[in-house]
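We use all heavy atoms of the structure for the numbers below, so side chains are in, but hydrogens, waters and symmetry mates are not. Heads up: numbering here begins at 1 and tracks the sequence.
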Amino acid sequence: MAAAATARAAAVPKFELNEITVDQIQAGLKSRRFTAKSLAAKYLARIRSVNKVVNAVIEVNPDAVAIASALDAEYRAKGPRGPMHGVPVLIKDNIDTHDRMRTSAGSLALAESVAPRDAFVVERLRAAGAVILGKTNLSEWANFRSTHSVSGWSGRGGQTRLPYVLDRNPSGSSSGSGAAVAANLCAVAVGTETDGSVISPSSMCSLVGIKPTVGLVSRSGIIPISHTQDTAGPMARTVRDAAILLSAMTGVDPRDPATREGKVRDYTDSLDAKGLRGARIGVARKFAGNNAAGDKIFDESIAELKRQGAEVVDPADLTTYDQYREAEFEVLLYEFKADLSAYLSGLPASVPVRSLADVIAFNERHRDREMPYFAQEIMLQAQEKGPLTEQKYLDALAKCRKLTRDDGIDATLSTHRLDAIVAPTSAPAWPIDWVLGDRGVPDCTSPAAIAGYPHITVPAGFVMGLPVGLSFFGAAWSEPVLLKLAYAYEQATKARRPPSFVPSVEAW
């Protein structure tokens, strides 16, 4: 970066824990270099100093230091619970916590909502010894409100900014989780995805993001869009950290029947620096061609896969490419109305909204604060839908599964005898625009998201200071394979670098 750019970068203080890994945290706890309490305090101070620049954290946990102190006492008495003991974590503000924090999905309608119990994912994190530092900002209602939305903006939290170039959008809806990890406001974070909301902000923020197979991670206690596509997922600075966090998040949840098929395991067992040797990988070439500089990085990534011993089939495109979007939107409209209303109806009586219709009415009553930049066209469309027994919904769901599973990812893997498919995750981040809304950029998230299949993105490089990622996706429950491939690629390239908080692309 040029000296002039450095002079114009935001004033962000140096941080002694910058880019620290989960393994390094455990080593520091063991050597007594620091304690869980001192870690929590250092990260909370970091949030106070840096969050005013990126606006990634919507609320801090007032009990974080006390929780960390109790974990220190347990560590001295019994030793660590596991690799997540004392690790500071931020979670997206659509994931329930039954504590002194709110769970709002960024909406003023839920600004005072205290969940009646922890989400299962939160239960698992607490059991693993993680210290939940706070909640991250997001695209309000997980970006399923308006056709002209501004990603990373919520009525409760305002606008999150990309730590690399501050006038750029970190993408949504897990924008705050992505920006927080990138800016070193936590060790790791949890996001959620329906279509792209873990993978896209991870790519924009030079992170590793894992969108698991739907059912590997419980959805209970997460404010929903779609029970067929929603999942929580890890966001981290390294593949190993993401694998450690994923291992802590999984488990069979009686409240979510889909988790009965999940594979509970230590996902770090899959990591192999030589994991690309002999792998057969297909290139979804149709997802390229949207940014010349990004395409060059993608081609360099393909060359690196070959150097590391992979057999590359190029192209190996999905024959159903881009045929599923209309059906997907139809499914999401139906499921959003049903699933959101079911969630809201289970909240305490003090919460002012009990259904999607109530949310729409609340937004109209508070238009000046909830809709200063964009409206709620998607919510209005969803409200017009009938029950999930309607044939139109059932037909759209069947079409989605056929196009993305049977005739999509599964067919491509089978036809070319592939272990996984790679694609450029996304073009670089677009400017924040409150007048016209998101410009959006092409990405490769939809096939795996609609199918409910796993998807991992890994940092691949930079275009004028803006990160881009490389995606690996494959068959249901193939997380171990994808992690092995992604880790080998990461170890060969080491493409991530921390942000410099420059104000605009022109500063580079």
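Stacking of Arg265 on the aromatic ring of Tyr267 is recorded, both the 6.0 Å distance cut-off and the 45° axial limit being met.
In this structure, the separation between OG on Ser203 and CG on Leu470 is 9.5 Å, given to the nearest 0.5 Å. Distance check, rounded to the nearest 0.5 Å: CG of Leu133 to NZ of Lys135 gives 13.0 Å. Interatomic distance, CE of Met204 versus OG of Ser174, reported as 13.0 Å (0.5 Å rounding).
For Gln391, the CD atom counts as densely surrounded, since its 6.0 Å shell holds more than 12 non-hydrogen atoms of other residues, nucleotides or ligands.
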Dump the intermediate steps for side chain to side chain contact (heavy atoms under 4.5 Å, CB included) on Arg219 and Thr259, then the final yes or no.
CA-CA 9 Å; Arg219 299 158 298 175; Thr259 62; over 6 Å; no
I'd like to know whether Thr97 forms a side chain to side chain contact (heavy atoms under 4.5 Å, CB included) with Thr103, so could you lay out the CA-CA distance, the side-chain angles of the two residues, the decisive distance to 0.1 Å, and finally the verdict.
CA-CA 7 Å; Thr97 56; Thr103 304; 4.1 Å; yes
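A donor atom on one side chain and an acceptor atom on the other are not found under 3.5 Å apart for Glu140 and Ser154. When only modelled atom types and interatomic distance are considered, Gln159 and Trp434 share a side-chain donor-acceptor pair under 3.5 Å. Side-chain contact annotation: Ser197 with Lys92, donor-acceptor N/O pair under 3.5 Å absent.
Looking at Lys385 and Glu335, their side chains never come closer than 4.5 Å, going by heavy atoms from C-beta outward. The shortest distance between side-chain heavy atoms of Gln229 and Glu328 falls below 4.5 Å.
Not counting sequence neighbours, the partners of Asp419 by the side-chain contact (heavy atoms from CB on, under 4.5 Å) test are Ala279, Arg280, Val481.
Taking 4.0 Å as the cut-off between side-chain N and carboxylate O, Arg240 and Glu490 do not count as a salt-bridged pair.
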Residues 396-403, side-chain donor-acceptor partners within the protein, below 3.5 Å, at least two apart:
from: Lys402; atom 1: NZ; to: Asp407; atom 2: OD2; distance (Å): 3.0

